[in-house]
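To start, the structure under review is shown below, and the notes come after it.
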Amino acid sequence: MCKIIAIANQKGGVGKTTTAINLGIGLTNKGNRVLLVDLDPQGNATQGLGFDADCLDTTISTILRKIINKDYAFTHDFGILRHEEGLDLMPANIELSVLETEIISLFFGREKILKTYLDMIRTEYDYILIDCMPSLNLIAINALVAADEVIIPLHAQYYSVRGLEQLLQTISSVRSNGLNETLSIAGILYTCVNDRTTSFRDVQKILKDAYGANVKIYDNYIPRSVKAEEAPSYGKSIYEYDLSGKVSCAYGKFTDEFLTMHTGR
Ligand SMILES: Nc1ncnc2c1ncn2[C@@H]1O[C@H](COP(=O)(O)OP(=O)(O)OP(=O)(O)O)[C@@H](O)[C@H]1O
Ligand SMILES: [Mg+2]
């Protein structure tokens with residue numbers, strides 16, 4: 001059964017897109033059918049997978065507009081691009097910002113537009129990953145309403161802890177307001193880690209003490225490496241760009257940990 005996973009944190013630059021791409025291709029490499037939905041007008045997942053976001057006629061905005069207009073006469077693969085490493089992508093570009101201003105004025109169902117679309121196509125996939133924008137706006141709420149679970153990438157810095165509290169409160173509100181009562185947190189993933197610093201160990205302890213009893217914090221974390229920064233400019237996953245590197249190894253182990261939680265294997 002397909003699981004829809006939102007990769008979310010309203011803080012910018014914490015590794016959401018990098019995690020969406022490399023978990024997505026990690027899951028693909030293990031034989032899963034995976035769709036990555038770029039839900040960020042920056043179009044970073046689209047570009048990081050080698051597509052020119054600004055030249056695309058059909059993006060997630062096109063689809064969401066069709067859903068708003070109740071125009072459901074499109075095929076399941078409409079607008080979906082196939083990356084050479086086997087991952088499917090629903091791309092995004094700046095048009096999504098325009099759409100956000102339009103859906104704010106909708107009277108009914110404005111939080112459920114993405115869910116309506118993903119519920120139509122979820123039978124085609126084992127996993128659908130949503131790369132969220134760094135915001136808690138209506139588009140991001142659409143992701144939380146559509147998702148079964150949330151992965152929260154986090155920089156292990158003191159400033160991140162406050163932002164996390166806000167995000168957890170938003171997730172809790174989505175549940176308690178009946179928008180998605182079964183939404184759960186898959187886990188918190190530390191990214192861009194320099195594990196030789198004491199601040200990483202301090203933040204690990206603070207978060208474990210504060211949230212560890214209720215929220216899964218993944219055992220595996222992603223180290224900082226220049227190779228991870230370089231891979232998107234080649235349109236490749238870290239596995240293809242630097243297979244024997246430490247970030248490739250870390251995303252591989254994280255993918256295994258994620259799968260073990262989901263499948264028990
Ligand atoms: N493990 C890593 N080591 C080094 N650089 C990294 C690592 N992970 C991500 N980066 C780099 O950090 C920057 C931010 O990463 P990314 O785009 O994944 O974050 P994001 O949370 O999606 O950002 P935004 O909030 O803008 O969408 C990018 O330049 C990316 O290449
Ligand atoms: Mg991003």
Side-chain angles (χ1 to χ4, degrees), residues 5-26 36-51 53-54 59-60 83 87 89-94 96-97 100 129-137 139-144 147 150-157 159-164 166-167 170 186-197 199-200 203-204 218 220-255 257:
I5 316 281
I7 301 178
N9 190 333
Q10 77 280 12
K11 193 164 162 48
V14 295
K16 294 180 287 295
T17 302
T18 307
T19 298
I21 289 175
N22 293 303
L23 174 62
I25 293 181
L36 171 50
V37 178
D38 190 347
L39 199 66
D40 183 347
Q42 298 180 100
N44 288 348
T46 302
Q47 274 154 339
L49 288 167
F51 299 98
D54 297 332
T59 63
I60 186 67
H83 184 255
L87 177 79
L89 171 74
M90 171 49 69
N93 61 22
I94 192 69
L96 192 57
S97 294
E100 200 227 336
L129 307 182
I130 309 171
D131 181 25
C132 295
M133 68 173 90
S135 167
L136 288 174
N137 64 10
I139 297 284
I141 298 297
N142 261 266
L144 296 178
V150 189
I151 291 176
I152 306 173
L154 196 81
H155 275 187
Q157 294 166 344
Y159 298 130
S160 307
V161 180
R162 194 154 164 258
L164 176 64
Q166 250 181 325
L167 177 57
T170 303
I188 294 172
L189 174 69
Y190 292 116
T191 60
C192 288
V193 169
N194 180 349
D195 55 11
R196 283 170 299 189
T197 60
S199 73
F200 174 52
V203 171
Q204 267 185 315
Y218 289 108
N220 289 286
Y221 58 82
I222 312 301
R224 183 179 288 278
S225 144
V226 171
K227 295 284 185 190
E229 255 177 283
E230 291 170 350
S233 60
Y234 292 88
K236 291 179 174 177
S237 74
I238 194 68
Y239 314 107
E240 192 70 22
Y241 183 67
D242 184 35
L243 180 60
S244 56
K246 59 183 178 180
V247 171
S248 170
C249 178
Y251 271 114
K253 285 185 179 166
F254 165 60
T255 302
E257 185 178 1

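Each ligand, and each atom within it, is numbered from 1 in the order the structure gives.
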Given 3.5 Å as the limit, does a donor-acceptor pair link the side chain of Q10 with the main chain of G163, or not? yes

Option nearest atom 31 (O) of ligand 1 (shortest heavy-atom distance, choices E230, K246, E229): E229

Would you say the side-chain atoms of Y239 pair up with the backbone N or O of N22, donor to acceptor, closer than 3.5 Å? yes

To the nearest 0.5 Å, tell me how far N194 CG sits from S199 OG. 8.0 Å

Are any of the N/O atoms in T18 less than 3.5 Å from those in ligand 1? yes

Atom 19 (O) of ligand 1: nearest protein contact (heavy atom, Å): G15 N, 2.9 Å

So which heavy atom in the protein is nearest atom 1 (N) of ligand 1, and how far is it from that ligand atom? P223 O, 2.8 Å

Backbone or side chain, does any N or O of R224 fall under 3.5 Å from an N or O of ligand 1? no

Any side-chain donor near an acceptor of the partner, S248 and D242, under 3.5 Å: no

Return the minimal non-hydrogen interatomic distance between A20 and D131, and the atom names on each side. CB-CB, 3.9 Å

Would you check if the side chain of N93 reaches a backbone N or O of G43 as a donor-acceptor pair within less than 3.5 Å? no

Side chain T255, main chain Y251, donor-acceptor under 3.5 Å: yes

Give yes if a backbone or side-chain nitrogen or oxygen of C132 is under 3.5 Å from a nitrogen or oxygen of ligand 1, and no if not. no

Proximal atoms of ligand 1 relative to G12 (non-hydrogen, under 4.0 Å): 25 (O)

K16 side chain to K11 main-chain N or O, any donor-acceptor pair under 3.5 Å? yes

Per-atom contacts of ligand 1 with V14, taking only distances under 4.0 Å to non-hydrogen atoms: 19 (O), 20 (P), 21 (O)

Report the part of I222 (side chain from C-beta onward, or backbone N, CA, C, O) that has a heavy atom under 4.0 Å from ligand 1; answer both or neither where that applies. side chain

Atom 12 (O) of ligand 1: any protein heavy atom closer than 4.0 Å: no

Nearest non-hydrogen contact with atom 14 (C) of ligand 1 belongs to which option: G48, G13, S135, P153? G13

Hey, does T19 come in under 3.5 Å of ligand 1, counting only N/O atoms on both sides? no

Are any side-chain N or O atoms of K236 and backbone N or O atoms of G50, one a donor and one an acceptor, separated by less than 3.5 Å? no

Looking only at heavy atoms, is any part of A228 under 4.0 Å from ligand 1, and if so is it the side chain, the backbone, or both, or is it neither? both

Ranked by distance from atom 3 (N) of ligand 1, the top protein heavy atom is S225 N, 2.9 Å

Hey, is the Mg ion (ligand 2) within less than 2.8 Å of some N/O/S atom on T17? yes

I'd like to know if the side chain of T191 reaches the main chain of V14, judged simply by a donor and an acceptor atom lying under 3.5 Å from each other, with no hydrogens or angles considered. yes

Least distance between heavy atoms, D38 atom then I60 atom: O-CG2, 3.5 Å

Suppose I only count heavy atoms of D40 and a 4.0 Å limit; which atoms of ligand 1 are within that range? 27 (O)

Short question: side chain of E257, backbone of N220 - any donor-acceptor pair under 3.5 Å? yes

Looking at atom 10 (N) of ligand 1, what's its closest protein heavy atom, distance included? C192 SG, 4.0 Å

Structural part of A231 in contact with ligand 1, heavy atom criterion under 4.0 angstrom: neither

How does Q42 reach ligand 1, by side chain, by backbone, by both or by neither, if only non-hydrogen atoms under 4.0 Å count? side chain

Ignoring hydrogens, tell whether any protein atom lies closer than 4.0 Å to atom 28 (C) of ligand 1; use the non-hydrogen atoms only. no

Tell me the protein heavy atom at minimum distance from atom 17 (O) of ligand 1, and give that distance in Å. T17 CB, 4.0 Å

Exercise: identify the closest heavy-atom pair between A8 and P153: O-CD, 3.6 Å

shortest atom 20 (P) of ligand 1-to-protein heavy-atom contact is with K16 N, 3.4 Å

